[in-house]
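For reference, the structure is listed below as structure tokens.
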Amino acid sequence: MSKGNIKPIRNFSGYAKKLFSAGDLVFREGDLGDEAYIIEKGRVEIFVGEEDAPTPVAVLGVGEIFGEMAIVDFATRAASARVLEDCELTVVSQEQLSERIDTADPIVRLLISMLIKRNRENLHKKSNKLGNVALMETAISEIITELEQKEIDDVGALDKIKMESELQSALEQEDFELFYQPILDSKSRKIAGFEALIRWDHPKRGMVRPDIFMGIAEETSLIIPIGQWVIEQACRDTKYIRSKIKSFNNIKKNFFMAVNVSGRQLNDPVFFDVLEHATRENHIMPSNFKLEITERVLVGGNLVEQWITECHKRGFTVALDDFGTGYSSLSYLSQFAVDNLKIDRSFVRKIHDDKKSKVIVKAIIDLAKGLGIRLVAEGIETERDAVTLRKMGCDYQQGYLYTRPLSLPELLKFLEEQYQVAI
Ligand code: C2E
Ligand code: CA
Ligand code: CA
């Protein structure tokens, strides 16, 4: 039988169309695949085995796609396609499909290759050409291994999937912990507040820092329940710290607690319910609770502005974190009504060796001050950093000079020993 009386025409969307008559073969098992088809009119039978003794696999109708497997994994056709009645097919070229697949999420790409692998295995089970199948299977499994390897090398897609499910169970088993780093008043050097920083107490890996897992949590909706947990836990711990402290010599009585909020959390419909419930239940004044968002989040524009307004309406304060790492547009400072600005440690690093950086930081500080924004310098590691930034007008400081982030018991010990706070 001929391979169809192919009559390419063009439809309005620019895709080529082909017409086939009843009985025509669109492609044969073993052919090299270079295009897939969407059925516009008619029905197509997919079968494996010889044409005169076929094993039917499926009958497809209008709107269905076929022939896509071979052009996704660049293998030969695993089945044949025959037109059952006069057919009109839209052609999907290899370029069209690979362009879409290449720009898809790596996990989606991996899933596609897995699905195709499984599909091929099912087809082979149905085929009775045993010799051929064995040959093809080797070729296919080589291709699939190559594909999977490529994915793993590219982005660690499998690792990501594994970590995602590990994060899910970490949440269920409460394997997360909050560490706290003090934020000091530059002049009095009293502790003004704390920043809560998440850690993952992993059963095998030990304490995992957020850079490793928060990116994955942020790519998935897991950031929502994790973010809610952070707020609730930070509130409970604030109440606990207050209950433990008997004198407040070197720490402000109304110390604030700051938590990091990621972009996706701004769309959490129950964000403010969780926040208000947690602060109220633990007797924390909203003005003593800070929400840190990064510069990257500001790209969201209007939505972020509304979110900041909502925070203020409810009495919470907002800090702009990591200033100096992203776009650092000074216009952000007038557009977004943040209360605090945290100057990133990469800027703090540079001020001693680079005069220009110092001038830029000074300009940022002056501009922020003019707008009524209070400044926090991050990554204060040396006495020299501390003195310079105080002189430049930073209100608060945070960094290893004072302490690294500490677990709750470590924090209480630190306050007792270093700050002579009666616990
Ligand atoms: P960040 O918000 O900028 O937090 C400050 C980071 O700088 C912390 O890293 C802290 O340990 C580190 N750091 C503090 N002082 C110094 C210093 O003097 N020198 C140096 N080299 N580093 C210092 P950490 O705890 O690993 O957190 C990394 C990032 O993970 C955070 O950066 C924040 O963006 C994110 N993160 C942490 N906890 C949470 C959370 O609960 N929710 C969200 N969404 N993100 C979080
Ligand atoms: Ca932060
Ligand atoms: Ca920061």
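We count ligands from 1, going down the list as the structure has it; atoms in each ligand are counted the same way.
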**Q.** Chi angles and distances behind the side-chain contact (heavy atoms from CB on, under 4.5 Å) call for Val208, Arg205
**A.** CA-CA 7 Å; Val208 187; Arg205 301 181 215 210; 4.0 Å; yes
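Each of the following atoms of ligand 1 lies closer than 4.0 Å to a heavy atom of Glu378: 3 (O). Heavy-atom contacts of Ser262 reach the following atoms of ligand 1: 44 (N) (cutoff under 4.0 Å). The atoms of ligand 1 that sit less than 4.0 Å from any heavy atom of Pro405 are 11 (O). Atoms of ligand 1 lying under 4.0 Å from any heavy atom of Met214, numbered from 1 in the order shown and given with element: 40 (C), 42 (N), 43 (C), 44 (N), 45 (N). Atoms of ligand 1 lying under 4.0 Å from any heavy atom of Gln181, numbered from 1 in the order shown and given with element: 14 (C), 15 (N). Taking every heavy atom of Val230 and a limit of under 4.0 angstrom, the matching atoms of ligand 1 come to 41 (O). Which parts of ligand 1 touch Ile380 is read off a 4.0 Å heavy-atom cut-off, strictly below it: atoms 18 (O). Near Asp322, with a cut-off below 4.0 Å to any heavy atom, the atoms of ligand 1 are 3 (O).
For the pair Glu195 and ligand 1, a heavy-atom separation below 4.0 Å is found. Using 4.0 Å as the threshold, Arg199 has a heavy atom nearer than that to some atom of ligand 1. Ligand 1 is never approached by Gln398 to a heavy-atom distance shorter than 4.0 Å.
Using modelled atom types, one finds no donor on one side chain facing an acceptor on the other under 3.5 Å when comparing Tyr332 with Glu295. Side-chain N/O atoms of Asn260 and Glu195 include a donor and acceptor closer than 3.5 Å. With no hydrogens or angles considered, a side-chain donor-acceptor pair links His202 and Glu166 at under 3.5 Å.
Among all non-hydrogen protein atoms, the one lying nearest atom 4 (O) of ligand 1 is Leu197 CD2, 3.5 Å. Looking only at protein heavy atoms, the nearest one to atom 21 (N) of ligand 1 is Glu381 OE2, 3.2 Å. Atom 29 (C) of ligand 1 has as its closest protein heavy atom Pro210 CG, 4.1 Å. Shortest contact from atom 6 (C) of ligand 1 to any protein heavy atom: Arg345 NH1, 4.0 Å. The protein non-hydrogen atom at the shortest distance from atom 39 (C) of ligand 1 is Ile198 CG2, 3.6 Å. Closest to atom 16 (C) of ligand 1, if we only count protein heavy atoms, is Tyr400 CE2, 3.2 Å. The protein heavy-atom contact nearest to atom 34 (O) of ligand 1 is Asn260 OD1, 4.5 Å.
With respect to Glu378, the side chain to side chain contact (heavy atoms under 4.5 Å, CB included) criterion is satisfied by exactly one of Val348, Asp321, Ile183: Asp321. Among Lys190, Arg374, Lys252, the one residue that satisfies the salt bridge (charged side-chain N to carboxylate O under 4.0 Å, His left out) test with Asp185 is Lys252. The only member of Phe255, Tyr396, Tyr402 that meets ring pair (Phe, Tyr, Trp, His ring centres under 6.0 Å) when paired with Phe194 is Phe255. Evaluated for a salt bridge (charged side-chain N to carboxylate O under 4.0 Å, His left out) with Asp395, the options Lys369, Arg390, Lys342 yield exactly one hit, Lys369.
Shown here for Leu222 and Glu164, the closest heavy-atom pair between the two residues is CD1-O, 3.6 Å. In terms of heavy atoms, Arg242 sits closest to Ile284 at NH1-CG1, 4.4 Å. Contact detail for Leu178 and Ala196: the closest heavy-atom pair is CD1-CB, 4.1 Å.
For a distance bound of 3.0 Å, the N, O or S atoms of Thr294 include none lying that close to the Ca ion (ligand 2). In summary, no N, O or S atom of Asp322 is located under 3.0 Å from the Ca ion (ligand 2).
Checked against the Ca ion (ligand 2), the N, O or S atom of Glu292 at the shortest distance is OE1. Sorting the N, O or S atoms of Glu378 by how far they are from the Ca ion (ligand 3) puts OE2 first. Of all N/O/S atoms in Glu195, OE2 sits nearest the Ca ion (ligand 2). The Ca ion (ligand 2) is closest to atom OD2 of Asp321 (considering only N, O or S atoms).
For the pair Asp31 (side chain) and Arg28 (backbone), a donor-acceptor distance under 3.5 Å is present. The backbone N or O of Thr90 lies less than 3.5 Å from no partner atom in the side chain of Lys17, so there is not a single donor-acceptor pair.
Checking only distances, Arg209 does come within under 3.5 Å of ligand 1, N or O to N or O.
Phe256 and Phe289 have their aromatic ring centers separated by at least 6.0 angstrom.
Within the 4.0 Å heavy-atom criterion, the part of Asp321 lying near ligand 1 is the side chain and not the backbone.
Distance check for atom 32 (O) of ligand 1: every protein heavy atom is found at 4.0 Å or beyond.
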